[in-house]
Protein chains: 2
Amino acid sequence: MATGRTHRPATRSRGIPEATVARLPLYLRALTALSERSVPTVSSEELAAAAGVNSAKLRKDFSYLGSYGTRGVGYDVEYLVYQISRELGLTQDWPVVIVGIGNLGAALAGYGGFASRGFRVAALIDADPAMTGKPVAGIPVQHSDDLEKIIAEDGVSIGVIATPAGVAQQVCDRLVAAGVTSILNFAPTVLSVPDGVDVRKVDLSIELQILAFHEQRKAGEEPGDESAPAAAAPTVPQAATRTTAESGRKGPDGDVPAVMPA
Amino acid sequence: MATGRTHRPATRSRGIPEATVARLPLYLRALTALSERSVPTVSSEELAAAAGVNSAKLRKDFSYLGSYGTRGVGYDVEYLVYQISRELGLTQDWPVVIVGIGNLGAALAGYGGFASRGFRVAALIDADPAMTGKPVAGIPVQHSDDLEKIIAEDGVSIGVIATPAGVAQQVCDRLVAAGVTSILNFAPTVLSVPDGVDVRKVDLSIELQILAFHEQRKAGEEPGDESAPAAAAPTVPQAATRTTAESGRKGPDGDVPAVMPA
DNA sequence: GCGTGTGAATTCATTCACAGCC
DNA sequence: GGCTGTGAATGAATTCACACGC
């Protein structure tokens, strides 16, 4: 369906499959950790393990970006960090506004992961006059009356919606009208937007429901294995049979330190 | 690859494709909204629009569950709500623990979307002794020393990790050892878990990076259309040419026209 | 006639396996 | 010898289009 218009070439643009784009940030994080440890090069096998994917997929993903590796050796960490950052558009600064400063909005405002990449919280916006001026995570909250002005002045093109579901569409409309073309939506609603605007959503309860589905499966499937999985592993199930959330069994603690700001 | 073991049939189990499972919660939300409005039946076309997907996909999805519709008429709302709930395992109660009660954990604790489905916050757990006993969203925080006891007593099988990345793996290990078999991870780390444990992750900064990628595309692509999309829609771009955030990649979202401001 | 349900066709993603280069 | 880069093979998800039942 969509609106007749191709809606958006999505992948076509310059050939990088959407699934690959979604994994680039993962690689980037693993690479950043390696970089901080001053590891000069890494093989597809190692990097894949750190990112929780398998190496064939990783190599295929990188092949869409170009030939940045060296056969028989691996990838230069610094160089790859740069290439992926560039591809993702993180070499430039992206001002972001967060609308709806409840618990979630406050958590987002204080989230280190934003600042650490090219994102900068340009403004926090809330409709509650009592919030106005109050600093959250060091940034004073502004009133939603000024939303349009703020977006225009700061040249914001990415907006985060952390409001209650009831007002999410209205907020979205105002953001879009003011010039925002990418939206990250935390409200449990389907947003409709004009063509050319990207929306991604994060929905907590949906994730839980998916887990519940699989959980139910497990319970019903093994009629013999009723011995409470708890008993299986005495204390901490060490490496041996562990598998990273993806596929390949990951080394013991080999994982990247993942210090990542809190 | 994988650990030799089938790792997890993912889809195979009883034939429902993973992509379909991920959309069921969307349909459910849209249906619940219809139900509250006492709408008796709905067509695939209408429901699809409300859920932000296209109708062919929706019909195919439902066909995996069985034939619950009536040709020439549509689907019975109440009946479908029940069938999907059952399929997702929401007809039973799922106690959930949230570990790490910072801003994010607090936001999760107070999130209405949990309680509204079959999920019940059984406990909030934090390592900071200063937090112990303090009520968050009406639930007293417990100390992480008691993690194993809490999980055993309440028969918790789903855990939510909202801790800093540095301790996420340790927390995960303890949860798993105590009997948790499904984990929702908000920490920006790859968790490794033994076979048979499901992990889903929600990563805020990754979502933003994906948006940045597309944003960058837009900027570079239209050398002619520099007229700021802001000007396009004077105030609120109404339905007409709007498209719901469908064709997007990952998971769409669902809910009826939000507020129906009317 | 209308709208579901579904095989068939198509598009997209992952995995295999190996040629090519260091 | 080891590891990348990639065509070819497989598998999953989406879309098409229409037969079928109400």
Side-chain angles (χ1 to χ4, degrees), chain A residues 1-2 4 6-24 26-27 40-49 51-77 79-80 83 210 246-248, chain B residues 1-2 4 6-24 26-27 31 40-49 51-77 79-80 83 246-252:
Chain A
M1 49 110 82
T6 330
H7 181 256
R8 190 172 17 92
T11 282
R12 195 277 274 112
S13 298
R14 206 307 207 61
I16 302 184
E18 192 56 35
T20 295
V21 172
R23 278 187 296 266
L24 291 181
L26 230 47
Y27 302 144
T41 62
V42 66
S43 71
S44 65
E45 198 71 54
E46 295 164 330
L47 183 54
V53 304
N54 71 41
S55 64
K57 200 186 294 189
L58 177 144
R59 287 201 303 280
K60 175 66 89 179
D61 283 342
F62 286 180
S63 80
Y64 293 118
L65 308 186
S67 289
Y68 296 144
T70 309
R71 293 169 197 233
V73 178
Y75 302 91
D76 181 280
V77 172
Y79 187 57
L80 246 195
Q83 290 298 344
I210 295 170
E246 218 280 306
S247 65
Chain B
M1 48 60 146
T6 330
H7 181 256
R8 189 175 19 95
T11 281
R12 193 279 274 113
S13 298
R14 205 306 208 63
I16 301 184
E18 191 57 35
T20 294
V21 172
R23 279 187 297 266
L24 291 181
L26 282 181
Y27 302 145
L31 284 165
T41 62
V42 66
S43 71
S44 64
E45 197 71 54
E46 295 163 330
L47 184 53
V53 304
N54 71 43
S55 63
K57 200 186 295 189
L58 176 143
R59 287 200 305 278
K60 175 67 87 178
D61 283 343
F62 285 0
S63 80
Y64 293 117
L65 308 186
S67 289
Y68 296 144
T70 309
R71 294 172 195 229
V73 178
Y75 301 91
D76 182 280
V77 172
Y79 187 57
L80 247 195
Q83 290 298 345
E246 209 271 271
S247 54
R249 42 279 99 205
K250 226 203 136 171

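Below, chain A is the first sequence line, B the second, and so on; all start at residue 1.
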A.B. asks: Over how many whole Å does the gap from A/R59 atom CZ to D/dG2 atom C1' extend?
C.D. replies: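 Computing the A/R59:CZ to D/dG2:C1' distance gives 11 Å.
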A.B. asks: Here's a test for you: under side chain to side chain contact (heavy atoms under 4.5 Å, CB included), which of B/L26, B/V21, B/T20 qualifies with B/D61?
C.D. replies: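 For B/D61, the side chain to side chain contact (heavy atoms under 4.5 Å, CB included) test succeeds with only one of B/L26, B/V21, B/T20, which is B/T20.
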A.B. asks: Return the nearest nucleotide to the side chain of A/S43; candidates are D/dT4, D/dT6, C/dG5.
C.D. replies: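 That would be D/dT4.
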A.B. asks: Between atom OH in B/Y64 and atom P in D/dA12, what is the gap in whole Å?
C.D. replies: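 After rounding, the reported distance stands at 11 Å.
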A.B. asks: Would you kindly compare A/G66 and B/A56 by the position of their nearest DNA chain D nucleotide and give the one closer to the 5′ end?
C.D. replies: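 Nearer the 5' end of the strand: A/G66.
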A.B. asks: Without decimals, in angstroms, what is the distance between B/L58 CG and D/dC16 P?
C.D. replies: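 Value for this atom pair: 15 Å.
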A.B. asks: It should be established whether A/R23 places a side-chain nitrogen or oxygen under 4.0 Å from OP1 or OP2 of nucleotide C/dT14.
C.D. replies: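 A/R23 to C/dT14 OP1/OP2: side-chain N or O found under 4.0 Å.
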A.B. asks: What is the distance from NZ of A/K57 to P of C/dC16, rounded to the nearest Å?
C.D. replies: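 Interatomic distance, NZ of A/K57 to P of C/dC16: 11 Å.
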A.B. asks: Mind calculating the distance between OH (B/Y68) and P (D/dC22) to the nearest angstrom?
C.D. replies: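 Spelled out: OH on B/Y68 to P on D/dC22 is 17 Å.
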A.B. asks: Taking 4.0 Å as the cut-off, does a side-chain nitrogen or oxygen of B/S44 come that near to OP1 or OP2 on C/dG3?
C.D. replies: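 So the side-chain polar atoms of B/S44 never come under 4.0 Å of the phosphate oxygens OP1 or OP2 of C/dG3.
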A.B. asks: Atom CG of A/L24 to atom P of C/dA13: distance rounded to whole Å?
C.D. replies: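 In whole Å, C/dA13 P lies 13 Å from A/L24 CG.
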A.B. asks: Rounding to a whole Å, what distance do you find between A/R71:CZ and C/dA17:C1'?
C.D. replies: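 Value for this atom pair: 14 Å.
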A.B. asks: Could you state the OH-P distance from B/Y75 to C/dG3, rounded to the nearest angstrom?
C.D. replies: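 Value for this atom pair: 12 Å.
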A.B. asks: Do A/Y75 and A/E46 have side chains that get closer than 4.5 Å, going by heavy atoms?
C.D. replies: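 The answer is no, as the side chains (C-beta and beyond) never meet within the 4.5 Å cut-off.
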A.B. asks: Are A/Y68 and A/Y79 close enough that their ring centers fall under 6.0 Å?
C.D. replies: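 Yes: the rings meet the under 6.0 Å criterion.
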A.B. asks: On the nucleotide C/dT14, are OP1 or OP2 found under 4.0 Å from the side-chain N or O atoms that A/N54 carries?
C.D. replies: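 Indeed not, no polar side-chain atom of A/N54 lies that close.
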A.B. asks: Could you check if a side-chain atom of B/Y27 sits within less than 4.5 angstrom of a side-chain atom of B/L65, using non-hydrogen atoms only?
C.D. replies: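 No, side chains not in contact.
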